[in-house]
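The next block holds one structure in the form of structure tokens; read it before the comments.
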Number of protein chains: 2
Amino acid sequence: MAPSAPLTAERILEVTEDVLRRHGPAKATVVDVARELGVSHGSVYRHFRTKAALREAVTKRWLDRTTERLAQVVDGPGDASAKLRRWLSELFAAKRRKAGDDPQLFATYSVLTGELSDLVDQHIDELVGQLTVIVEEGARTGEFATGDPAVTARAVFVATALFHDPRHAGMWSREGIEEQFGEVCALLLRGLRQG
Amino acid sequence: MAPSAPLTAERILEVTEDVLRRHGPAKATVVDVARELGVSHGSVYRHFRTKAALREAVTKRWLDRTTERLAQVVDGPGDASAKLRRWLSELFAAKRRKAGDDPQLFATYSVLTGELSDLVDQHIDELVGQLTVIVEEGARTGEFATGDPAVTARAVFVATALFHDPRHAGMWSREGIEEQFGEVCALLLRGLRQG
DNA sequence: CAGATGACAAAATTTGAAATCTGTCAGTCA
DNA sequence: TGACTGACAGATTTCAAATTTTGTCATCTG
């Protein structure tokens, strides 16, 4: 069988995601990934030192897709209130979409993120960093009255945990969740807008 | 062996909690509970129709201990802001204490609450009910400017999920968690205080 | 010689037979 | 008579043997 393309890390990650979707996190093996790629499992180990490293890389790739999407909101138009509101909405919508469109894959990544707390902490730091930029902007224009923008940004992130933490995904399809989200956002924005 | 006391539902629940603490939720059996009580397992089934009912009852008992504690804050002294702040602090402190003092039992109840979502929903409704009383009080005295107090109360509860939902218990022993809690409370109270 | 292979040891997972547990109920005991 | 027992069937869990997987590396191949 002629190799249809050279074996790259990215190609391995694509196939790994596919295998994870079909077999779930507990039963997806490196051998499965290699078989799907039409190579020996030794070849996969040339690109990723351990199975854990492969799982971490594929999970990081998944988390980064959200981070990139949200970066566009930070760099986009609007005042700080509108941006903050849009950023939180976009985060919630992105998570709900992931959970709703491919529940199998979402469940898989929920397990993986549960196991990779260092990676998740890093991801959260990136997201809070984006929020900090928005809060700083609001502080600069006098729209928000806050202390340390980084601290405030983390408070906003923490207060909306129910709408982005996968452990609460069961809530995301409940009646009235949109209204609850709106209510929390409104409360936080009111708290931010004045000192 | 003379029965040291008549077999009551409460006595069974006490022993069940003990067995759960020692064996964990997966390995605690009705036979274990009966053995500990010095009776046959049939006698336990006289008081609880199924093992699931026993688990539910013992979990409800555990949740109710928190509800009762917090009811005292609602009925206590202070204006609405102080009470809200104290209620949230008390809830957070109670959860942290449970998690820190007896990690084994806390882990057990975390698993049980994860399995008994109807019971947990009921518990949450009770807690939000208490918060609603405080928000209503604030609205009546003009301290808070809100729409529907029940909706606002739920928003406050949701926004503090990280500090009371056992799925976030891993955060409760992190550096700076107290400050984060204070920051979220401050943000929410500022949002409540004016319309 | 750079990249890929597959045999191999150690670790982890699956399997299925044996043991235990759940829930019932006819019967015992005080 | 009403609380309690213990034998029982079916469901579930356990445990050890068999299989599979992980990770390495000497060897192969283009």
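Letters A, B, ... mirror the listed sequences (proteins, then strands); counts begin at 1. Keep in mind it's a predicted model, so treat the numbers as computed, not measured.
There is a side-chain donor-acceptor pair under 3.5 Å between B:S81 and B:R193. Using modelled atom types and a 3.5 Å distance limit, the side chains of A:T66 and A:K98 yield a donor-acceptor pair.
Between A:L131 and A:R154, every side-chain heavy-atom pair lies at or beyond the 4.5 Å cut-off. Contact of the B:V133 side chain with the B:D75 side chain is not registered, since no non-hydrogen atoms from C-beta on lie closer than 4.5 Å. Contact check for B:Q122 versus B:L63: no side-chain heavy atoms found under the 4.5 Å cut-off.
A:R96 meets the salt bridge (Lys or Arg N to Asp or Glu O under 4.0 Å) test with A:E178; sequence neighbours excluded.
In this entry the distance linking NE2 of B:H23 with P of D:dT13 reads 16 Å, nearest Å. When the P atom of D:dG2 is taken as reference, atom NE2 of B:H47 falls 15 Å away, rounded to whole Å.
A pairwise comparison of heavy atoms in A:A145 and B:R190 identifies O-NH2, 3.6 Å as the closest pair.
With A:F163 as the fixed residue, the ring pair (Phe, Tyr, Trp, His ring centres under 6.0 Å) test singles out one of A:F157, A:F92, A:W87: A:F92.
Within the structure, every pair that satisfies the ring pair (Phe, Tyr, Trp, His ring centres under 6.0 Å) test and touches residues 33-81 of chain B, not counting sequence neighbours, is listed here: B:W62-B:Y109.
A 4.0 Å heavy-atom criterion places the boundary nucleotides of DNA chain C facing chain A at C:dG3 to C:dT14, written 5' to 3'.
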Can you run through DNA chain C from 5' to 3' and write each base as (, ), [, ], | or . depending on how it pairs? Watson-Crick or G-U wobble, both distances under 3.5 Å.
-> ||||||||||||||||||||||||||||||
Distance-only donor-acceptor hits, side chain of residues 23-30 of chain A, under 3.5 Å, sequence neighbours excluded:
unit_1	atom_1	unit_2	atom_2	d
A:T29	OG1	A:V31	N	3.4
A:T29	OG1	A:D32	N	3.0
A:T29	OG1	A:D32	OD2	3.1

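The shortest distance between the side-chain N/O atoms of B:S40 and the OP1/OP2 oxygens of D:dT5 is below 4.0 Å.
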Which pairs, protein N/O on one side and nucleotides 21-30 of chain D N/O on the other, fall under 3.5 Å?
unit_1	atom_1	unit_2	atom_2	d
D:dT22	OP1	A:V30	N	3.2
D:dT22	OP1	A:K51	NZ	3.0
D:dT22	OP2	A:V30	N	3.1
D:dG23	OP2	A:Y45	OH	3.1
D:dG23	OP2	A:K51	N	2.6
D:dG23	N7	A:H41	NE2	3.3
D:dG23	O6	A:H41	NE2	2.9

